[in-house]
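Note that the structure is predicted; figures quoted are calculated from it, not measured.
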Amino acid sequence: MNLKNWSKLFLKTLLVGAVVSIITGFLLPFSRESISFKDVSDVLFYVLILFGFGALTSVYSQLGFFAYMILNYTAIGVFPKKAWQYIQLVLAILALLEVVFFRSFVGRENSQMADLLLGLAILVVAVAVAYFKARATNATAWVPTLFFMIAVTIVEMVGGLKINENNATIFIVVPLLACNAYQILILHKVLKPKKS
């Protein structure tokens, strides 16, 4: 990965986070209560806030992505490849269990159904992304992709879970999942050497 490829990945992920955040920001109020805008400047300011939040979320996602890349590189040097695959699978399952029961552990009152749905949504997205990644590369991409999409996403969103508000959790999780999915799906193309 050279600086040119990294900067392209950074900017495109930034754009993915911003666009998904804007879409989520406009769809989310319709599920509960509508946001009232007085004029066009209110709408533009709201879009600007959503764009900024999505950009910041994408940067957070990229930090998690590069932390995972370093962890994966180090772990491959420490553990046998098969053992590292099993470790990632176990950690992904534990992370899913944590997200389902996290708010119960920290003593916050919340609907277990909301946490269960969150865990299932993350699992479904992770399986879909792993499927497409394995089709684009090879079958060995399944477990690392599942681990990244489940465990790393959950670590990145722990702050959102502490807010204990379902809409805030959705507003944080959707851009994170989109950015993480984009990065892991595009990685093999970024790293592929160009033919001269």
Side-chain angles (χ1 to χ4, degrees), residues 9-10 12-28 30-31 50 53-69 71-72 85 87-103 110-190:
L9 180 64
F10 177 82
K12 287 180 180 178
T13 307
L14 199 79
L15 189 61
V16 167
V19 168
V20 171
S21 180
I22 290 169
I23 292 168
T24 306
F26 276 101
L27 291 179
L28 204 55
F30 294 116
S31 67
L50 294 174
F53 179 80
L56 287 173
T57 303
S58 79
V59 171
Y60 197 58
S61 167
Q62 292 180 62
L63 286 171
F65 181 65
F66 284 102
Y68 170 70
M69 298 298 287
L71 172 70
N72 192 45
Q85 295 267 327
I87 291 168
Q88 289 180 93
L89 201 54
V90 168
L91 290 175
I93 292 167
L94 290 174
L96 264 179
L97 291 174
E98 183 206 357
V99 83
V100 171
F101 299 110
F102 180 79
R103 290 184 250 216
N110 192 45
S111 168
Q112 283 293 109
M113 185 57 92
D115 291 340
L116 183 62
L117 288 174
L118 176 63
L120 284 174
I122 291 170
L123 179 63
V124 167
V125 171
V127 168
V129 171
Y131 171 77
F132 287 112
K133 180 68 176 182
R135 279 191 65 188
T137 58
N138 56 51
T140 60
W142 264 96
V143 173
T145 304
L146 281 174
F147 175 76
F148 175 72
M149 289 301 299
I150 294 171
V152 175
T153 301
I154 289 170
V155 168
E156 290 168 346
M157 65 178 242
V158 165
L161 288 175
K162 287 182 180 177
I163 296 171
N164 202 33
E165 172 61 41
N166 289 336
N167 275 0
T169 302
I170 292 169
F171 193 62
I172 290 167
V173 170
V174 172
L176 272 176
L177 282 172
C179 291
N180 286 345
Y182 174 76
Q183 290 175 103
I184 201 76
L185 288 173
I186 204 75
L187 180 65
H188 66 279
K189 292 180 183 175
V190 172

> What pairs with L56 under side-chain contact (heavy atoms from CB on, under 4.5 Å), at least two apart in sequence or on another chain?
Replying inline: none
> If every non-hydrogen atom of C179 is compared with every non-hydrogen atom of G17, which pair is closest and at what distance?
Replying inline: SG-CA, 3.4 Å
> To the nearest 0.5 Å, how far apart are CE in M69 and CD1 in I184?
Replying inline: 7.0 Å
> Can you list the residues that meet the side-chain contact (heavy atoms from CB on, under 4.5 Å) rule with L185, with sequence neighbours excluded?
Replying inline: V129, F132, K133
> How long is the gap from CG on L177 to OG1 on T153, to the nearest 0.5 Å?
Replying inline: 5.0 Å
>> For T140 versus Q85, what's the shortest heavy-atom pair and its separation?
In response: O-NE2, 3.9 Å
> Does a side-chain heavy-atom distance below 4.5 Å link L118 with M157?
Replying inline: yes
> CG/L71 to CD/Q88 distance, rounded to the nearest 0.5 angstrom?
Replying inline: 7.5 Å
> F171: what forms a ring pair (Phe, Tyr, Trp, His ring centres under 6.0 Å) with it, not counting sequence neighbours?
Replying inline: F53
>> In the structure I gave you, are the side-chain heavy atoms of V100 and L96 within less than 4.5 Å of one another anywhere?
In response: no
> Looking at residues at least two apart in the chain, or sitting in another chain, which of them share a ring pair (Phe, Tyr, Trp, His ring centres under 6.0 Å) with F10?
Replying inline: W6
> Looking at residues at least two apart in the chain, or sitting in another chain, which of them share a side chain to side chain donor-acceptor pair (under 3.5 Å) with E156?
Replying inline: N180
>> List the residues meeting side chain to side chain donor-acceptor pair (under 3.5 Å) with Y60, not counting sequence neighbours, and say none if there are none.
In response: none
>> Using side-chain contact (heavy atoms from CB on, under 4.5 Å), reason through T13 and F65 one step at a time and then give a plain yes or no.
In response: CA-CA 11 Å; T13 307; F65 181 65; over 6 Å; no
>> Quick check against the 3.5 Å criterion: does S21 have a side-chain atom that pairs as donor or acceptor with the backbone of A18?
In response: no
> Looking only at heavy atoms, which two atoms of Q62 and L14 are closest? And how far apart?
Replying inline: NE2-N, 4.0 Å
Quick one: side chains of residues 144-151, donor-acceptor pairs under 3.5 Å with protein atoms, not counting sequence neighbours, listed by atom name and distance.
from, atom 1, to, atom 2, distance (Å)
T145, OG1, A141, O, 2.7

> Sequence neighbours excluded, which residues qualify as side chain to side chain donor-acceptor pair (under 3.5 Å) partners of T137?
Replying inline: none
>> For the CG atom of L94 and the CG atom of L89, what is their distance to the nearest 0.5 Å?
In response: 10.0 Å
>> According to side-chain contact (heavy atoms from CB on, under 4.5 Å), who are the partners of A168, at least two apart in sequence or on a separate chain?
In response: I163, E165
> Out of curiosity, T169 OG1 to L117 CG, how far, rounded to the nearest 0.5 Å?
Replying inline: 12.0 Å
> Going from CD1 on I154 to CG on L176, what distance comes out if it is rounded to the nearest 0.5 angstrom?
Replying inline: 11.0 Å
>> Applying side-chain contact (heavy atoms from CB on, under 4.5 Å), can you list everything that pairs with I23, at least two apart in sequence or on another chain?
In response: V19, L27
